[in-house]
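Only one structure is covered here, and it is reproduced in the block below.
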Amino acid sequence: MENQEFAQIFWQIADFLELKNDNPFKVRAYRRAAQVIESLSHNLADVYQTGGIKALEDIPGIGEHIAQKIEEKIKTGRVKAFNQLAKEFPREFLDLINIPGVGPKTAILLYKKLKIDTINKLEKAAKSGALNDLPGMGVKKTENILRGITLKKKSHGRFLLDDATAHAELIIEELKKLKEVKKILPCGSLRRGQETIGDIDILIVSDQPETVMDHFAKLAAVQHVLAKGTTKSSVVLKNGMQADLRVVEDKSFGSAAHYFTGSKDHNIAIRVMAQKRGLKVSEYGVFRGKTQLAGKTEEEFYKKFGLQYIPPELRENRGELEAAKHHTIPELVELSDIKGDLHMHTTASDGFNSIAEMAAAAKKLGYEYIAITDHSQSTRVAHGLKSQELLKHIKEIKAVAKKLTGIKILAGSEVDILPNGDIDYSDELLAQLDIVLISIHANFKMPRREMTQRIVKALANPHSNLLTHPTGRLIGEREPYEVDMEEVLQAAKKYHKLIEVNAHPKRLDLTDVYCKRAKELGVKIVISTDAHATDQLNLMRYGVTTARRGWLEARDVANTLPLAKLQKLL
DNA sequence: GCCGTTTTCGGCCCGACTGTTTTCAGTCG
C-alpha cells in the first residue's frame, strides 16, 4: 500500500471535518499527518509491519488515533471513520472547496440552501443569478466563483517548474525596470524548487508600494486582477497561472522573504519556536512586544533563533529545523558542481541534434564530459538502435570524440529493461560501451512485486551502471509505475549501481524524498537531462534543484566527479 | 487530534484583502 493512499484519506477527513465545522485544530492535525506521510521516505505499511502501532506513533504528527486508523486501513483495507464521513456528503462535493473563492462555509451554505453538490450545478446556479440572494453573497461574489470555476477547469491547478520559472522571470524582468523597485525576489514553491508550482510569488522592497502595485496590475501578461492593496496584490495571468506580489520595507525584507517562501509548515514550526521564547514572527520581522529584533535578512532571521541558515529547498518541515539547530545543514550540491551530463539522445534515435552538436553545446556549458546514450532496439517508437547500428554508432561517437578538444565523450546507451528483467543487448555488445543506462519504456502496468523484481534483476546485471527515471512518471500525464523504491535502492546499494535524478521538468525522478533515502543508504546519484536537443541540456538546473530538495551534497552526486574518478566508479 | 526542558490538560501562527456589512466573516497565503 502506497503512502499516498493513507495521506489521501487524511486530507479528505480534514476536508470533511472542516465542512462540518469541527475543531479547526483537529482539522489541522489531520492535514499535518497527511503532509508528514507524503514526505516519508519509508513505506508506511512497512513501518507498521516491522514496528507495529508504536512505530507509527513515533512519527511526528501521528498520534494514537491516526495510528489506529493507519492500522485499520492496513488490516481491513478501509477506515470506518472516513467512510462514515464520506456517506454524509455526495461524492464530488469536496471538489467545491477547491474552487478559488469557495471555502467550507460557502460550500455548506450552497448545499443547504440550494442543494448544490457538484461544480456543474454550482456553475449553472451562479449563471442563473440564484446565488446573489443568499446571505452574505452578492453579485461580485458570484462573479468570483464563476472565475474560480473557469480557472480551475483551465489550469487543473498546478504548473511544471520550468513553465512557472519562465513566467516568473518575465514578470521580474518587467518589474525590475521600475526605479521604485529596490529589491525583487521570487518566493513560494518556485524558490523552494517544488516539482509543480501552484502560483508565482514575488517579493519586492520599495517605499512606493502603490506605484509598484499599479504597474504589476497592468503588466501585459495579466488577464485579471483578483485583489489589489498597498502591500499585497494577486492577479491571474493569461496562461491561467496566479501571481501574487508582496511589497515591504527594506527592514522587513528577510522576514518577508522567509514568510513568503514558506513552506507553510516550515513557517508554522518557526512561529511555534518563537512563541516559546516570548517572541512573535510575522512577515514584518521578529518582535518582542513592539520592538523589532530581526528581519532585514534571512540569515539574521534564522540566527535570532540560534539556527543555521536553511536553504529554501529544505524548508518543508522535514527535519531541517532540527538540523539547523545542530548546525548540520548539508552543503547542498550546486549547478556549478556538475562536471558532465550522462544522459542524452541524438539523431541516431529520437534526438534532434548530432553527436557533434550535442558535444559542442555541452562544451559551451563548461562540462568536462558527456555520455551519448541513444535508445536500444526494443524502443521502436524512439527508433532504438539494433545491435549492428549500435556498433556503428559507437564508432561514430569515438570518431567525433577524437576530433573534439576540451570535452570527453563516453559511448553509452539507454538500454531497455525488458519485462523479464533482462536488458536489451547482448553481453558482448554491452561490454563495448563506456556507460550503460537502464530504464523502462514499456510494460508499465505490472504488479508492484513483478516490477520491483524486474528492475532489481537489471541492477544485478554486471553491465548496467545507472538506472534512469526510476519511477517512469510524467508529471500531469502519467502516474509512476508501481514499484518498491526501498527495495530498488537497497539493490542499487548491494550492486554498487547509480540512480538518476532525471532533470526533465516532467520527470524529476528519483524524487526528492527518495534522494534523501538514497543518501542515507550511501547510494550515489547522477543528475542528468535526458536531452533530446541541444537547448534541453539547460534543464540541468531543475535536476539539481530536486537533488537539493533531497538534501544531496556534491559528494553524493557522481557526475560532480572529474572523469577519471567517475570512470573508476562506473 | 497532537503535543510537552513551563504543561498529560490546555493550548494550538499571523496577517492582508474583499464583499457585504455598519463591525466583520470568509478566504487565502
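- Within 4.0 Å of K140(A), counting heavy atoms only, lie sugar-phosphate atoms of the nucleic acid but no base atom.
- For the side-chain hydrogen bond (donor to acceptor under 3.5 Å, both in side chains) test, residues two or more places apart in sequence or in another chain that qualify with K228(A) are D214(A).
- Comparing the P positions of dC9(B) and dT20(B) gives a spacing of 47 Å, expressed to the nearest Å.
- Using a 4.0 Å cutoff to heavy atoms of chain A, the contacted part of DNA chain B runs 5' to 3' from dG1(B) to dG29(B).
- At a threshold of 4.0 angstrom between heavy atoms, the contacts of Y284(A) are confined to the sugar-phosphate backbone, with no base atom among them.
- With both ends at atom P, the span from dG11(B) to dC17(B) equals 31 Å, rounded to whole Å.
- If you take atom P in dT21(B) and the same atom in dT27(B), they sit 15 Å apart, rounded to whole Å.
- If you check every strand for non-hydrogen atoms under 4.0 Å, T106(A) touches sugar and phosphate atoms only.
- Using cut-offs of 30° and 60° for the angle between ring planes, the F305(A) and F301(A) rings count as perpendicular.
- A donor and an acceptor atom, one from each side chain of D512(A) and T546(A), are nowhere located under 3.5 Å apart.
- Heavy atoms of F25(A) sit under 4.0 angstrom from at least one base atom.
- By the side chain to side chain contact (heavy atoms under 4.5 Å, CB included) test, K26(A) is found to be paired with L17(A), D22(A), N23(A), Y30(A), residues two or more places apart in sequence or in another chain being considered.
- If you find the closest nucleotide of DNA chain B to R28(A) and to K276(A), the one lying nearer the 5' end belongs to K276(A).
- Between V139(A) and T230(A), it is T230(A) whose nearest contact on DNA chain B lies nearer the 5' terminus.
- When all heavy atoms of A274(A) and V281(A) are compared, the closest pair comes out as CB-CG2, 3.5 Å.
- Between dT5(B) and dG1(B), the distance separating the two C1' atoms is 24 Å to the nearest Å.
- Residue E195(A) is tested with K506(A), R473(A), R549(A) for a side-chain hydrogen bond (donor to acceptor under 3.5 Å, both in side chains); the sole match is R473(A).
- Ion pairing between R517(A) and E486(A) holds under the 4.0 Å rule for side-chain N and carboxylate O.
- Residue contacts shown for N23(A) include a base, since a base heavy atom lies under 4.0 Å away.
- Within the nucleic acid shown, V102(A) comes within 4.0 Å of sugar-phosphate atoms alone, with no base atom in reach, counting heavy atoms only.
- Across all strands shown, dT8(B) forms no Watson-Crick or G-U wobble pair with both key distances under 3.5 Å.
- Nucleic acid contact for K105(A): sugar-phosphate only, since backbone atoms but no base atoms lie under 4.0 Å from a heavy atom of the residue.
- Nucleic acid contact for I99(A): sugar-phosphate only, since backbone atoms but no base atoms lie under 4.0 Å from a heavy atom of the residue.
- No engagement by E18(A) is indicated, since no non-hydrogen atom pair under 4.0 Å with the nucleic acid exists.
- The separation of dT6(B) from dC12(B), taken at their C1' atoms, amounts to 16 Å, rounded to a whole angstrom.
- P100(A) comes within contact range of the sugar-phosphate backbone alone, with a heavy-atom separation under 4.0 Å but no base atom that close.
- Rounded to the nearest Å, the gap between the C1' atom of dT18(B) and that of dT23(B) is 15 Å.
- Annotation: dC2(B) and dT8(B) have their C1' atoms spaced 12 Å apart (nearest Å).
- Rounded to a whole angstrom, the distance from the P atom of dG4(B) to that of dG15(B) is 25 Å.
- Between H266(A) and H258(A), the ring centre distance stays below 6.0 Å.
- Across all strands, G61(A) comes closer than 4.0 Å only to sugar-phosphate atoms, never to a base (heavy-atom distances).
- Counting any heavy atom pair closer than 4.0 Å across all strands shown, G101(A) reaches sugar-phosphate atoms only and no base atom.
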